[in-house]
There are 2 protein chains.
Amino acid sequence: MPRPVDHDERRHLLTEALLRIAGTRGLQAVSMREIAAEAEVSLRVVQYYFTNKQALLESGLNELGVRMDRRVRQRVATAAGKLTPRGVFAAVLGVIVPSDEQSRLDSMAWTAYYTAALTDPALAEVGLTLPNALEDFLTARLTAAQEAGDIAPDCDPRIEVAGLLALANGLTSSVLSRQRTHEAAIEIIEYRLDRLFGPAVS
Amino acid sequence: MPRPVDHDERRHLLTEALLRIAGTRGLQAVSMREIAAEAEVSLRVVQYYFTNKQALLESGLNELGVRMDRRVRQRVATAAGKLTPRGVFAAVLGVIVPSDEQSRLDSMAWTAYYTAALTDPALAEVGLTLPNALEDFLTARLTAAQEAGDIAPDCDPRIEVAGLLALANGLTSSVLSRQRTHEAAIEIIEYRLDRLFGPAVS
DNA sequence: CCAGTTAGGATACAGTTGTATCCATTCAGG
DNA sequence: CCTGAATGGATACAACTGTATCCTAACTGG
(Lines give C-alpha, C1' and ligand atoms only; values in the text may rest on other atoms or scores of the structure.)
Protein backbone atom coordinates (compact mmCIF):
# COMPACT_ATOMS: atom_id res chain seq x y z
CA MET A 1 0.00 0.00 0.00
CA PRO A 2 1.11 3.58 -0.46
CA ARG A 3 1.84 5.51 2.70
CA PRO A 4 -0.83 4.20 5.02
CA VAL A 5 -3.20 6.85 6.18
CA ASP A 6 -5.46 7.46 9.14
CA HIS A 7 -8.96 7.08 7.78
CA ASP A 8 -10.64 8.80 10.68
CA GLU A 9 -8.36 11.79 10.38
CA ARG A 10 -9.00 11.96 6.65
CA ARG A 11 -12.75 11.80 7.14
CA HIS A 12 -12.53 14.47 9.80
CA LEU A 13 -10.60 16.72 7.44
CA LEU A 14 -13.23 16.31 4.76
CA THR A 15 -16.03 16.88 7.25
CA GLU A 16 -14.42 20.13 8.34
CA ALA A 17 -14.18 21.22 4.71
CA LEU A 18 -17.86 20.42 4.29
CA LEU A 19 -18.83 22.51 7.30
CA ARG A 20 -16.67 25.38 6.13
CA ILE A 21 -18.60 25.46 2.87
CA ALA A 22 -21.97 25.01 4.54
CA GLY A 23 -21.20 27.81 6.98
CA THR A 24 -20.03 30.32 4.40
CA ARG A 25 -21.91 29.51 1.22
CA GLY A 26 -24.78 27.38 2.47
CA LEU A 27 -25.72 23.76 2.17
CA GLN A 28 -26.82 24.07 -1.43
CA ALA A 29 -23.23 25.00 -2.33
CA VAL A 30 -21.97 21.73 -0.92
CA SER A 31 -21.04 19.32 -3.69
CA MET A 32 -18.54 16.49 -3.80
CA ARG A 33 -16.27 18.51 -6.05
CA GLU A 34 -16.50 21.63 -3.88
CA ILE A 35 -15.55 19.65 -0.82
CA ALA A 36 -12.62 18.17 -2.68
CA ALA A 37 -11.45 21.63 -3.72
CA GLU A 38 -11.91 23.05 -0.22
CA ALA A 39 -9.95 20.18 1.30
CA GLU A 40 -7.41 20.38 -1.55
CA VAL A 41 -7.77 16.78 -2.55
CA SER A 42 -9.17 15.11 -5.64
CA LEU A 43 -12.77 14.13 -6.14
CA ARG A 44 -11.78 10.51 -5.88
CA VAL A 45 -10.50 10.96 -2.34
CA VAL A 46 -13.85 12.29 -1.23
CA GLN A 47 -15.55 9.33 -2.84
CA TYR A 48 -12.99 7.00 -1.32
CA TYR A 49 -13.59 7.99 2.28
CA PHE A 50 -17.33 8.48 2.06
CA THR A 51 -19.51 6.05 0.18
CA ASN A 52 -22.25 8.59 -0.33
CA LYS A 53 -23.03 12.25 -0.28
CA GLN A 54 -25.64 11.27 2.27
CA ALA A 55 -22.96 9.79 4.52
CA LEU A 56 -20.95 12.98 4.16
CA LEU A 57 -23.90 15.11 5.19
CA GLU A 58 -24.62 12.93 8.19
CA SER A 59 -20.99 13.21 9.23
CA GLY A 60 -21.29 16.98 9.07
CA LEU A 61 -24.34 16.96 11.30
CA ASN A 62 -22.53 14.70 13.72
CA GLU A 63 -19.52 16.97 13.89
CA LEU A 64 -21.78 19.94 14.61
CA GLY A 65 -23.29 18.06 17.53
CA VAL A 66 -19.83 17.21 18.85
CA ARG A 67 -18.74 20.84 18.65
CA MET A 68 -21.83 22.11 20.46
CA ASP A 69 -21.27 19.55 23.18
CA ARG A 70 -17.62 20.51 23.48
CA ARG A 71 -18.50 24.18 23.81
CA VAL A 72 -20.96 23.53 26.62
CA ARG A 73 -18.46 21.39 28.55
CA GLN A 74 -15.78 24.03 28.03
CA ARG A 75 -18.05 26.76 29.31
CA VAL A 76 -19.06 24.76 32.33
CA ALA A 77 -15.43 23.87 33.07
CA THR A 78 -14.30 27.50 32.79
CA ALA A 79 -16.84 28.80 35.27
CA ALA A 80 -16.25 25.77 37.50
CA GLY A 81 -17.71 25.81 40.96
CA LYS A 82 -20.17 28.64 40.46
CA LEU A 83 -22.92 26.23 39.49
CA THR A 84 -25.72 28.39 40.72
CA PRO A 85 -28.96 27.57 38.90
CA ARG A 86 -28.65 30.87 37.13
CA GLY A 87 -25.08 30.05 36.14
CA VAL A 88 -26.25 26.90 34.41
CA PHE A 89 -28.84 28.77 32.41
CA ALA A 90 -26.45 31.57 31.49
CA ALA A 91 -23.91 29.00 30.30
CA VAL A 92 -26.29 26.93 28.19
CA LEU A 93 -28.13 29.87 26.65
CA GLY A 94 -24.86 31.72 26.11
CA VAL A 95 -23.49 28.81 24.14
CA ILE A 96 -26.51 28.70 21.85
CA VAL A 97 -26.09 32.28 20.66
CA PRO A 98 -23.01 32.54 18.41
CA SER A 99 -20.18 34.62 19.84
CA ASP A 100 -16.90 34.31 17.94
CA GLU A 101 -16.39 33.76 14.22
CA GLN A 102 -16.13 30.00 14.58
CA SER A 103 -19.38 29.57 16.48
CA ARG A 104 -21.04 31.88 13.97
CA LEU A 105 -19.99 29.62 11.12
CA ASP A 106 -21.20 26.59 13.03
CA SER A 107 -24.52 28.26 13.73
CA MET A 108 -24.88 29.07 10.05
CA ALA A 109 -24.25 25.46 9.15
CA TRP A 110 -26.63 24.32 11.86
CA THR A 111 -29.36 26.59 10.55
CA ALA A 112 -28.80 25.26 7.05
CA TYR A 113 -29.15 21.69 8.30
CA TYR A 114 -32.21 22.58 10.32
CA THR A 115 -33.95 24.11 7.34
CA ALA A 116 -33.04 21.15 5.17
CA ALA A 117 -34.39 18.78 7.82
CA LEU A 118 -37.77 20.52 7.65
CA THR A 119 -38.33 19.08 4.18
CA ASP A 120 -36.06 16.05 4.30
CA PRO A 121 -37.37 13.37 6.68
CA ALA A 122 -33.98 11.61 6.57
CA LEU A 123 -32.50 14.28 8.84
CA ALA A 124 -35.67 15.20 10.71
CA GLU A 125 -35.29 13.20 13.91
CA VAL A 126 -31.69 14.21 14.61
CA GLY A 127 -32.68 17.85 14.88
CA LEU A 128 -35.37 16.92 17.38
CA THR A 129 -33.67 14.72 19.97
CA LEU A 130 -31.04 17.26 20.98
CA PRO A 131 -33.44 20.16 21.68
CA ASN A 132 -35.80 17.88 23.57
CA ALA A 133 -33.04 16.50 25.75
CA LEU A 134 -31.85 20.01 26.51
CA GLU A 135 -35.36 21.13 27.41
CA ASP A 136 -35.89 18.20 29.76
CA PHE A 137 -32.53 18.77 31.43
CA LEU A 138 -33.14 22.46 32.05
CA THR A 139 -36.71 21.90 33.21
CA ALA A 140 -35.45 19.49 35.87
CA ARG A 141 -32.90 22.08 36.98
CA LEU A 142 -35.44 24.85 37.19
CA THR A 143 -37.96 22.72 39.06
CA ALA A 144 -35.28 21.93 41.62
CA ALA A 145 -34.38 25.61 41.84
CA GLN A 146 -38.02 26.46 42.48
CA GLU A 147 -38.26 23.90 45.28
CA ALA A 148 -35.12 25.42 46.77
CA GLY A 149 -36.80 28.82 46.67
CA ASP A 150 -34.48 30.33 44.07
CA ILE A 151 -37.31 31.48 41.82
CA ALA A 152 -40.84 32.67 42.47
CA PRO A 153 -43.24 29.86 43.37
CA ASP A 154 -45.89 31.00 40.89
CA CYS A 155 -43.61 30.37 37.90
CA ASP A 156 -44.15 27.40 35.61
CA PRO A 157 -40.68 25.86 35.12
CA ARG A 158 -41.70 23.95 31.99
CA ILE A 159 -42.98 27.06 30.26
CA GLU A 160 -40.12 29.22 31.47
CA VAL A 161 -37.56 26.80 30.05
CA ALA A 162 -39.36 26.39 26.75
CA GLY A 163 -39.58 30.16 26.51
CA LEU A 164 -35.92 30.68 27.29
CA LEU A 165 -34.77 28.13 24.71
CA ALA A 166 -37.05 29.57 22.06
CA LEU A 167 -35.72 33.01 22.97
CA ALA A 168 -32.12 31.87 22.51
CA ASN A 169 -32.99 30.33 19.15
CA GLY A 170 -34.77 33.43 17.96
CA LEU A 171 -31.87 35.61 19.08
CA THR A 172 -29.47 33.34 17.23
CA SER A 173 -31.40 33.97 14.04
CA SER A 174 -31.17 37.71 14.49
CA VAL A 175 -27.46 37.54 15.28
CA LEU A 176 -26.79 35.47 12.17
CA SER A 177 -28.62 37.96 9.98
CA ARG A 178 -26.64 40.73 11.67
CA GLN A 179 -29.81 42.38 12.84
CA ARG A 180 -28.31 42.22 16.32
CA THR A 181 -24.83 41.84 17.75
CA HIS A 182 -23.86 39.03 20.06
CA GLU A 183 -23.64 41.49 22.95
CA ALA A 184 -27.16 42.80 22.37
CA ALA A 185 -28.47 39.24 22.36
CA ILE A 186 -26.70 38.40 25.60
CA GLU A 187 -28.11 41.55 27.16
CA ILE A 188 -31.63 40.38 26.35
CA ILE A 189 -30.97 36.96 27.83
CA GLU A 190 -29.48 38.41 31.01
CA TYR A 191 -32.46 40.73 31.31
CA ARG A 192 -34.81 37.74 31.20
CA LEU A 193 -32.69 35.81 33.69
CA ASP A 194 -32.73 38.81 36.01
CA ARG A 195 -36.50 38.74 35.97
CA LEU A 196 -36.59 35.02 36.61
CA PHE A 197 -33.92 34.67 39.30
CA GLY A 198 -34.24 38.10 40.85
CA PRO A 199 -31.70 40.92 40.32
CA ALA A 200 -28.25 39.74 39.23
CA VAL A 201 -26.57 37.88 42.04
CA SER A 202 -23.68 36.87 39.75
CA MET B 1 -52.08 37.50 -30.91
CA PRO B 2 -53.66 34.38 -29.45
CA ARG B 3 -56.19 34.90 -26.70
CA PRO B 4 -54.75 37.86 -24.84
CA VAL B 5 -53.87 37.09 -21.28
CA ASP B 6 -53.50 38.94 -17.99
CA HIS B 7 -49.78 38.99 -17.33
CA ASP B 8 -50.11 39.88 -13.67
CA GLU B 9 -52.53 37.05 -13.05
CA ARG B 10 -50.25 34.63 -14.86
CA ARG B 11 -47.25 35.74 -12.81
CA HIS B 12 -49.26 35.42 -9.63
CA LEU B 13 -50.25 31.87 -10.53
CA LEU B 14 -46.64 30.92 -11.12
CA THR B 15 -45.56 32.60 -7.91
CA GLU B 16 -48.13 30.60 -5.96
CA ALA B 17 -46.83 27.41 -7.56
CA LEU B 18 -43.31 28.40 -6.53
CA LEU B 19 -44.34 28.96 -2.92
CA ARG B 20 -46.22 25.68 -2.84
CA ILE B 21 -43.02 23.87 -3.81
CA ALA B 22 -40.83 25.89 -1.46
CA GLY B 23 -43.23 25.24 1.42
CA THR B 24 -43.49 21.51 0.93
CA ARG B 25 -40.21 20.40 -0.58
CA GLY B 26 -37.91 23.30 0.18
CA LEU B 27 -36.25 25.99 -1.85
CA GLN B 28 -33.66 23.63 -3.28
CA ALA B 29 -36.49 21.71 -4.96
CA VAL B 30 -37.58 24.84 -6.82
CA SER B 31 -36.57 24.66 -10.46
CA MET B 32 -38.07 26.23 -13.55
CA ARG B 33 -39.36 22.85 -14.70
CA GLU B 34 -40.83 21.99 -11.31
CA ILE B 35 -42.70 25.26 -11.19
CA ALA B 36 -44.01 24.62 -14.68
CA ALA B 37 -45.23 21.17 -13.65
CA GLU B 38 -46.78 22.46 -10.42
CA ALA B 39 -48.61 25.22 -12.31
CA GLU B 40 -49.47 22.79 -15.11
CA VAL B 41 -47.95 24.89 -17.85
CA SER B 42 -44.96 24.39 -20.09
CA LEU B 43 -41.42 25.44 -19.26
CA ARG B 44 -41.64 28.12 -21.92
CA VAL B 45 -44.51 29.83 -20.13
CA VAL B 46 -42.45 30.17 -16.98
CA GLN B 47 -39.62 31.62 -19.02
CA TYR B 48 -42.01 33.88 -20.84
CA TYR B 49 -43.42 35.59 -17.77
CA PHE B 50 -40.23 35.73 -15.75
CA THR B 51 -36.98 36.72 -17.38
CA ASN B 52 -34.92 35.00 -14.72
CA LYS B 53 -35.03 32.45 -11.97
CA GLN B 54 -33.81 35.30 -9.82
CA ALA B 55 -36.88 37.37 -10.71
CA LEU B 56 -39.07 34.42 -9.86
CA LEU B 57 -37.48 34.02 -6.46
CA GLU B 58 -37.86 37.71 -5.70
CA SER B 59 -41.51 37.50 -6.67
CA GLY B 60 -41.96 34.65 -4.21
CA LEU B 61 -40.41 36.65 -1.40
CA ASN B 62 -42.64 39.57 -2.26
CA GLU B 63 -45.76 37.43 -2.16
CA LEU B 64 -44.78 36.08 1.24
CA GLY B 65 -44.51 39.64 2.53
CA VAL B 66 -47.92 40.49 1.13
CA ARG B 67 -49.49 37.47 2.78
CA MET B 68 -47.97 38.24 6.18
CA ASP B 69 -49.23 41.78 5.92
CA ARG B 70 -52.70 40.56 4.96
CA ARG B 71 -52.82 38.21 7.92
CA VAL B 72 -51.92 40.95 10.37
CA ARG B 73 -54.57 43.31 8.97
CA GLN B 74 -57.13 40.53 9.06
CA ARG B 75 -56.34 39.73 12.65
CA VAL B 76 -56.55 43.33 13.70
CA ALA B 77 -59.83 43.80 11.82
CA THR B 78 -61.38 40.70 13.41
CA ALA B 79 -60.65 41.79 16.95
CA ALA B 80 -61.63 45.34 16.07
CA GLY B 81 -62.05 47.81 18.85
CA LYS B 82 -60.29 45.86 21.58
CA LEU B 83 -56.99 47.53 20.78
CA THR B 84 -55.59 47.22 24.25
CA PRO B 85 -51.79 47.29 24.18
CA ARG B 86 -51.82 43.64 25.09
CA GLY B 87 -54.26 42.92 22.27
CA VAL B 88 -51.83 44.40 19.76
CA PHE B 89 -49.01 42.20 20.99
CA ALA B 90 -51.16 39.07 21.10
CA ALA B 91 -52.28 39.76 17.53
CA VAL B 92 -48.83 40.39 16.07
CA LEU B 93 -47.08 37.57 17.89
CA GLY B 94 -49.99 35.22 17.18
CA VAL B 95 -49.64 35.89 13.49
CA ILE B 96 -45.94 35.06 13.48
CA VAL B 97 -46.42 31.56 14.87
CA PRO B 98 -48.03 29.35 12.20
CA SER B 99 -51.56 28.18 13.02
CA ASP B 100 -53.40 26.59 10.09
CA GLU B 101 -51.94 24.53 7.27
CA GLN B 102 -51.61 27.53 4.96
CA SER B 103 -49.64 29.66 7.39
CA ARG B 104 -47.47 26.63 8.15
CA LEU B 105 -46.58 26.31 4.47
CA ASP B 106 -45.85 30.02 4.28
CA SER B 107 -43.68 29.85 7.37
CA MET B 108 -41.78 26.95 5.86
CA ALA B 109 -41.17 28.92 2.70
CA TRP B 110 -40.20 31.96 4.74
CA THR B 111 -37.69 29.95 6.72
CA ALA B 112 -36.22 28.58 3.50
CA TYR B 113 -35.83 32.10 2.14
CA TYR B 114 -34.36 33.33 5.38
CA THR B 115 -31.74 30.62 5.41
CA ALA B 116 -30.90 31.24 1.78
CA ALA B 117 -30.56 34.96 2.49
CA LEU B 118 -27.92 34.22 5.13
CA THR B 119 -25.51 33.18 2.40
CA ASP B 120 -26.92 35.07 -0.57
CA PRO B 121 -26.44 38.83 -0.22
CA ALA B 122 -28.92 39.42 -3.05
CA LEU B 123 -31.79 38.60 -0.69
CA ALA B 124 -30.18 39.70 2.55
CA GLU B 125 -31.65 43.15 3.00
CA VAL B 126 -35.24 42.17 2.33
CA GLY B 127 -35.24 39.83 5.30
CA LEU B 128 -33.97 42.64 7.50
CA THR B 129 -36.24 45.60 6.84
CA LEU B 130 -39.46 43.85 7.81
CA PRO B 131 -38.31 42.60 11.23
CA ASN B 132 -36.74 45.96 12.04
CA ALA B 133 -39.89 47.85 11.13
CA LEU B 134 -41.95 45.52 13.29
CA GLU B 135 -39.58 45.93 16.21
CA ASP B 136 -39.70 49.72 16.02
CA PHE B 137 -43.47 49.73 15.78
CA LEU B 138 -43.96 47.49 18.80
CA THR B 139 -41.36 49.34 20.84
CA ALA B 140 -43.23 52.58 20.30
CA ARG B 141 -46.44 50.90 21.40
CA LEU B 142 -44.90 49.43 24.53
CA THR B 143 -43.22 52.68 25.48
CA ALA B 144 -46.58 54.40 25.24
CA ALA B 145 -48.17 51.64 27.31
CA GLN B 146 -45.53 52.11 29.96
CA GLU B 147 -46.16 55.85 30.13
CA ALA B 148 -49.86 55.06 30.51
CA GLY B 149 -49.01 52.79 33.43
CA ASP B 150 -50.06 49.56 31.71
CA ILE B 151 -46.77 47.82 32.46
CA ALA B 152 -44.29 48.01 35.31
CA PRO B 153 -42.12 51.16 35.20
CA ASP B 154 -38.89 49.22 35.69
CA CYS B 155 -39.30 47.35 32.42
CA ASP B 156 -37.18 48.19 29.39
CA PRO B 157 -39.61 48.37 26.43
CA ARG B 158 -36.87 47.98 23.83
CA ILE B 159 -35.55 44.81 25.38
CA GLU B 160 -39.00 43.43 26.12
CA VAL B 161 -40.04 43.83 22.50
CA ALA B 162 -36.84 42.35 21.12
CA GLY B 163 -37.26 39.44 23.49
CA LEU B 164 -40.88 38.86 22.53
CA LEU B 165 -40.13 38.89 18.80
CA ALA B 166 -37.18 36.55 19.23
CA LEU B 167 -39.42 34.32 21.33
CA ALA B 168 -42.06 34.20 18.61
CA ASN B 169 -39.42 33.37 16.01
CA GLY B 170 -37.93 30.64 18.15
CA LEU B 171 -41.36 29.18 18.81
CA THR B 172 -42.09 29.23 15.10
CA SER B 173 -39.03 27.07 14.51
CA SER B 174 -40.16 24.54 17.06
CA VAL B 175 -43.69 24.47 15.65
CA LEU B 176 -42.37 23.88 12.14
CA SER B 177 -40.23 20.98 13.29
CA ARG B 178 -43.30 19.64 15.13
CA GLN B 179 -41.44 19.75 18.42
CA ARG B 180 -44.36 21.81 19.68
CA THR B 181 -47.96 22.35 18.64
CA HIS B 182 -49.35 25.74 17.75
CA GLU B 183 -51.39 25.71 20.96
CA ALA B 184 -48.34 25.01 23.13
CA ALA B 185 -46.53 27.91 21.48
CA ILE B 186 -49.44 30.27 22.05
CA GLU B 187 -49.59 29.19 25.68
CA ILE B 188 -45.97 30.21 26.13
CA ILE B 189 -46.57 33.59 24.52
CA GLU B 190 -49.65 34.25 26.63
CA TYR B 191 -47.69 33.29 29.74
CA ARG B 192 -45.05 35.89 28.88
CA LEU B 193 -47.67 38.51 28.13
CA ASP B 194 -49.34 37.78 31.47
CA ARG B 195 -46.06 38.52 33.23
CA LEU B 196 -45.60 41.70 31.25
CA PHE B 197 -49.10 43.18 31.37
CA GLY B 198 -50.20 41.65 34.65
CA PRO B 199 -52.69 38.75 34.92
CA ALA B 200 -54.89 38.29 31.87
CA VAL B 201 -57.30 41.18 31.50
CA SER B 202 -58.47 39.88 28.10
C1' DC C 1 11.70 -9.96 -3.81
C1' DC C 2 7.30 -10.09 -5.24
C1' DA C 3 2.13 -10.70 -4.86
C1' DG C 4 -1.53 -8.36 -3.42
C1' DT C 5 -3.85 -4.91 -1.11
C1' DT C 6 -4.49 0.13 -0.42
C1' DA C 7 -4.59 4.95 -1.89
C1' DG C 8 -5.83 7.92 -5.33
C1' DG C 9 -5.55 10.01 -10.39
C1' DA C 10 -8.27 10.34 -14.70
C1' DT C 11 -12.25 9.90 -17.01
C1' DA C 12 -16.92 8.60 -18.12
C1' DC C 13 -21.91 8.64 -17.67
C1' DA C 14 -26.59 9.77 -17.12
C1' DG C 15 -29.51 13.17 -15.11
C1' DT C 16 -30.79 17.90 -13.96
C1' DT C 17 -30.13 22.65 -14.13
C1' DG C 18 -30.89 27.65 -16.19
C1' DT C 19 -31.15 29.71 -20.45
C1' DA C 20 -31.54 30.38 -25.55
C1' DT C 21 -33.43 29.50 -30.03
C1' DC C 22 -36.58 28.08 -33.53
C1' DC C 23 -41.00 27.65 -34.92
C1' DA C 24 -46.14 27.40 -35.04
C1' DT C 25 -50.39 29.28 -33.81
C1' DT C 26 -53.74 32.99 -32.96
C1' DC C 27 -55.61 37.21 -33.22
C1' DA C 28 -56.01 42.77 -33.90
C1' DG C 29 -55.46 46.70 -36.84
C1' DG C 30 -54.85 48.57 -41.43
C1' DC D 1 -57.83 39.84 -45.97
C1' DC D 2 -53.48 39.81 -44.42
C1' DT D 3 -49.38 41.49 -42.12
C1' DG D 4 -47.28 41.48 -37.88
C1' DA D 5 -47.18 41.12 -33.01
C1' DA D 6 -48.39 38.16 -28.87
C1' DT D 7 -48.29 33.62 -26.91
C1' DG D 8 -46.32 29.41 -26.11
C1' DG D 9 -44.69 24.41 -27.79
C1' DA D 10 -40.40 21.77 -28.82
C1' DT D 11 -35.83 21.33 -28.58
C1' DA D 12 -31.02 22.42 -27.84
C1' DC D 13 -27.02 23.55 -25.09
C1' DA D 14 -23.44 24.00 -21.86
C1' DA D 15 -22.62 23.58 -17.07
C1' DC D 16 -23.04 21.02 -13.19
C1' DT D 17 -24.47 17.13 -10.27
C1' DG D 18 -23.63 12.26 -7.85
C1' DT D 19 -21.76 8.04 -8.93
C1' DA D 20 -19.08 4.33 -11.30
C1' DT D 21 -15.11 2.49 -13.59
C1' DC D 22 -10.46 1.89 -15.05
C1' DC D 23 -5.87 2.10 -14.10
C1' DT D 24 -1.48 3.16 -11.81
C1' DA D 25 1.56 3.78 -8.13
C1' DA D 26 3.17 2.59 -3.48
C1' DC D 27 4.02 -0.11 0.20
C1' DT D 28 3.90 -4.60 3.30
C1' DG D 29 3.58 -9.26 4.71
C1' DG D 30 5.27 -13.66 3.27
Side-chain angles (χ1 to χ4, degrees), chain A residues 1-22 24-61 112-113 115-117 119-123, chain B residues 1-22 24-61 112-113 115-117 119-123:
Chain A
M1 7 174 146
R3 93 204 66 108
V5 82
D6 184 341
H7 281 220
D8 285 341
E9 183 204 348
R10 219 93 167 128
R11 268 190 277 267
H12 192 244
L13 236 60
L14 292 173
T15 303
E16 286 181 328
L18 154 58
L19 289 183
R20 245 174 287 138
I21 298 173
T24 52
R25 284 177 288 156
L27 213 54
Q28 96 291 342
V30 170
S31 77
M32 301 290 245
R33 285 165 179 81
E34 281 300 322
I35 294 173
E38 175 71 30
E40 294 183 323
V41 296
S42 76
L43 169 60
R44 186 65 229 278
V45 172
V46 182
Q47 284 189 280
Y48 192 75
Y49 290 100
F50 288 94
T51 58
N52 255 348
K53 186 181 185 183
Q54 183 63 27
L56 209 20
L57 290 178
E58 284 169 16
S59 171
L61 196 47
Y113 268 106
T115 304
T119 51
D120 176 8
L123 305 174
Chain B
M1 11 173 139
R3 95 205 62 110
V5 82
D6 183 341
H7 280 220
D8 285 341
E9 183 203 349
R10 221 88 167 130
R11 270 190 275 267
H12 192 242
L13 236 60
L14 292 173
T15 304
E16 286 181 328
L18 154 57
L19 289 183
R20 244 173 289 139
I21 298 174
T24 52
R25 282 177 289 155
L27 212 55
Q28 97 291 342
V30 170
S31 78
M32 302 290 243
R33 285 166 179 82
E34 280 300 321
I35 294 173
E38 175 71 31
E40 293 182 323
V41 297
S42 77
L43 168 61
R44 185 67 229 278
V45 172
V46 182
Q47 284 190 280
Y48 191 75
Y49 290 100
F50 288 94
T51 58
N52 255 347
K53 186 182 183 181
Q54 184 63 27
L56 207 22
L57 289 177
E58 283 170 16
S59 171
L61 196 47
Y113 267 106
T115 305
T119 51
D120 176 8
L123 306 173

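To find a chain, count down the sequence lines: A is the first, B the second, and so on, and within it residues start at 1. All values below were derived from every heavy atom in this structure, side-chain atoms included, with hydrogens, water molecules and symmetry-related copies excluded.
Between the CZ atom of Phe50(A) and the P atom of dG8(C) there is a distance of 14 Å, rounded to whole Å. Rounded to a whole Å, the CG atom of Leu14(A) is 14 Å from the P atom of dA7(C). At whole-Å resolution of the value, CZ in Arg10(A) and C1' in dG8(C) are 9 Å apart. The separation between Gln47(A) atom CD and dG8(C) atom P is 13 Å, rounded to whole Å.
Within the 4.0 Å cut-off from OP1 or OP2 of dG8(D), at least one side-chain nitrogen or oxygen of Tyr49(B) is found. The side chain of His7(B) contributes no N or O atom lying less than 4.0 Å from OP1 or OP2 of dA6(D). Between Tyr48(B) and the phosphate of dT7(D), there is a side-chain N or O to OP1/OP2 separation shorter than 4.0 Å. The shortest distance between the side-chain N/O atoms of Arg44(B) and the OP1/OP2 oxygens of dT21(C) is not below 4.0 Å.
Here the side chain of Val45(B) is nearest to one of dT11(D), dG9(C), dG8(D), namely dG8(D).
Of the residues in residues 28-38 of chain A, those with a non-hydrogen atom less than 4.0 angstrom from any atom of DNA chain D are Val30(A), Ser31(A), Met32(A), Arg33(A). For DNA chain C, none of the residues of residues 51-59 of chain A falls under the heavy-atom distance limit of 4.0 Å.
The structure places CZ of Arg10(A) at 7.5 Å from CG of Leu14(A), a figure rounded to the nearest 0.5 Å.
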Which atom pairs, one a donor and one an acceptor, fall under 3.5 Å between side chains of residues 44-55 of chain A and the rest of the protein, sequence neighbours left out?
from: Lys53(A); atom 1: NZ; to: Val30(A); atom 2: O; distance (Å): 3.0
from: Gln54(A); atom 1: NE2; to: Glu58(A); atom 2: OE2; distance (Å): 3.2

